[in-house]
Amino acid sequence: MIPVAKPNITKEDIKEVNRALKSGYVSSQGEYIKLFEKSFAEYCGRKYGVLTSSGTTALHLALEALELKQWDTVLIPVLTFIATANAVTYANLKLDFVDIDRNTWNIDPISIRQKMSADIKVIIPVHLFGNPCVMDEITKIADKFGLYIIEDCAEAHGAEYKGKKIGSFGDISCFSFYGNKIITTGEGGICLTDNKKLYEQMLILRDHGMSRTKKYWHPIVGFNYRMTNLQAALGYSQLKRIDKIIRERNEIASLYRQYLDGNKNIELPYEMEGRVYWVFPVLVKNNRDEIIKKLYEQGIETRPFFYLITDMPPYRDGNDFVVAKDISKRGIMLPFFVGLTKKEVRYICEILLHI
Ligand SMILES: *Cc1c(COP(=O)(O)O)cnc(C)c1O
């Protein structure tokens with residue numbers, strides 16, 4: 001079976017995690033927390049990093065740090081992983097959904113403009129599958145209407161928009177280091193910002209709302225959203241070779257493109273300059289679920305695209321999101337990970353093209 005995803009773990013990773021383990025700092029103190037926070041923030045061109053227990057808790061922490069009013073509205077794309085929506089729900093804020101662009105599959109700036117109202121306070125662009133959102137358009141809208149931007153970069157480590165790293169645009173930018181993401185800590189995430197006040201607020205909220213000057217004094221209700229030193233050691237080790245990881249992923253993506261390009265039944269993902277690949281996503285004409293089943297029978301594990309958030313019971317919404325609906329039901333994520341061989345890519349494409 002060719003799996004759809006697989007983490008890339010090296011001897012160096014194991015050595016680094018062992019070092020953390022031997023230090024005795026197995027929880028959320030220890031040198032790797034600060035080291036990984038600092039180096040990941042630097043990598044993205046930001047001042048501050050706050051590691052978290054997951055990408056989901058990173059998004060929730062970011063929203064809490066903004067100190068919004070209950071039921072202020074947050075705009076998100078209707079095609080994303082459920083965590084983007086759930087974080088808004090945890091923060092007692094109101095969600096509103098935006099359709100995606102037919103080419104990029106990312107939140108559509110024209111639809112954002114049509115949605116604008118005084119209740120909207122935050123927008124969360126999601127760089128879906130590693131393709132960067134049009135951040136200058138989104139920033140323009142956010143500036144005009146006084147919105148905060150929280151970037152959801154969970155699928156786009158190392159991507160760039162107009163030469164600037166993804167994660168450097170939001171008031172706060174959130175990443176996930178889940179096992180199938182571009183770099184991993186097992187479970188984990190991070191919030192990045194340049195704003196010292198937001199940074200300090202996130203540190204307090206992450207650690208049970210504890211005062212940073214008076215220990216065990218809790219002026220606010222916080223969370224335990226900390227990452228462990230062991231996880232940070234793995235992340236730090238992975239970050240050291242992130243450029244190599246991205247290069248290898250890009251090579252696999254171009255191989256897929258080479259084999260699938262020009263086929264009238266397969267639509268390839270849009271290649272915005274600076275994009276990275278979290279997965280290799282394609283659209284088929286129809287019978288998506290049947291194709292997934294047939295690939296599976298040939299030893300190829302794949303995944304369907306996300307369902308629309310508004311199709312699921314907690315988030316039912318009367319609106320029709322024409323583009324997202326079409327893309328969601330035709331999308332397949334093909335196997336994609338460092339170590340996938342040329343032979344395997346060719347095999348996958350051959351099977352796919354002959355179904
Ligand atoms: C993976 C992912 C998350 C959540 O990350 P976890 O670490 O699994 O909590 C959030 N948003 C998007 C778009 C993701 O793909």
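Everything numeric here is computed off the predicted structure, so don't read it as measured data. Ligands are counted one by one from 1 in listed order, and the atoms in each one are counted from 1 as well. Below, all heavy atoms of this structure are taken into account, side chains as well, without hydrogens, waters or symmetry copies. The residues of the chain are indexed from 1 along the displayed sequence.
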Could you give all pairs that pass the ring pair (Phe, Tyr, Trp, His ring centres under 6.0 Å) test and reach residues 107-148, with sequence neighbours left out? Phe129-Phe305

Do Phe223 and His208 have ring centroids that are under 6.0 Å from one another? no

For this output row, return yes or no: ring centroids of Phe40 and Phe177 closer than 6.0 angstrom.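 Distance test on ring centres: under 6.0 Å, yes.
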
Applying ring-ring contact (aromatic ring centres under 6.0 Å, His included), name anything that partners Phe321, two or more places apart in sequence or on another chain. none

Residues two or more places apart in sequence or in another chain: which of them pass ring-ring contact (aromatic ring centres under 6.0 Å, His included) with Tyr25?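 Result, ring-ring contact (aromatic ring centres under 6.0 Å, His included) vs Tyr25: none returned.
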
Test: Lys164 cationic atom under 6.0 Å from Phe169 six-membered ring centre, within 45° of axis: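 Flagged: Lys164 positioned over aromatic ring of Phe169.
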
Write none if no such pair exists; otherwise list each N/O atom of ligand 1 with its protein N/O partner under 3.5 Å and the distance.
{"from": "ligand 1", "atom 1": "5 (O)", "to": "Ser176", "atom 2": "OG", "distance (Å)": "3.2"}
{"from": "ligand 1", "atom 1": "7 (O)", "to": "Gly55", "atom 2": "N", "distance (Å)": "2.8"}
{"from": "ligand 1", "atom 1": "7 (O)", "to": "Ser176", "atom 2": "OG", "distance (Å)": "2.7"}
{"from": "ligand 1", "atom 1": "9 (O)", "to": "Gly55", "atom 2": "N", "distance (Å)": "3.4"}
{"from": "ligand 1", "atom 1": "9 (O)", "to": "Thr56", "atom 2": "N", "distance (Å)": "2.9"}
{"from": "ligand 1", "atom 1": "9 (O)", "to": "Thr56", "atom 2": "OG1", "distance (Å)": "2.5"}
{"from": "ligand 1", "atom 1": "11 (N)", "to": "Asp152", "atom 2": "OD1", "distance (Å)": "3.3"}
{"from": "ligand 1", "atom 1": "11 (N)", "to": "Asp152", "atom 2": "OD2", "distance (Å)": "2.8"}
{"from": "ligand 1", "atom 1": "15 (O)", "to": "Glu155", "atom 2": "OE2", "distance (Å)": "2.5"}
{"from": "ligand 1", "atom 1": "15 (O)", "to": "Lys181", "atom 2": "NZ", "distance (Å)": "3.1"}

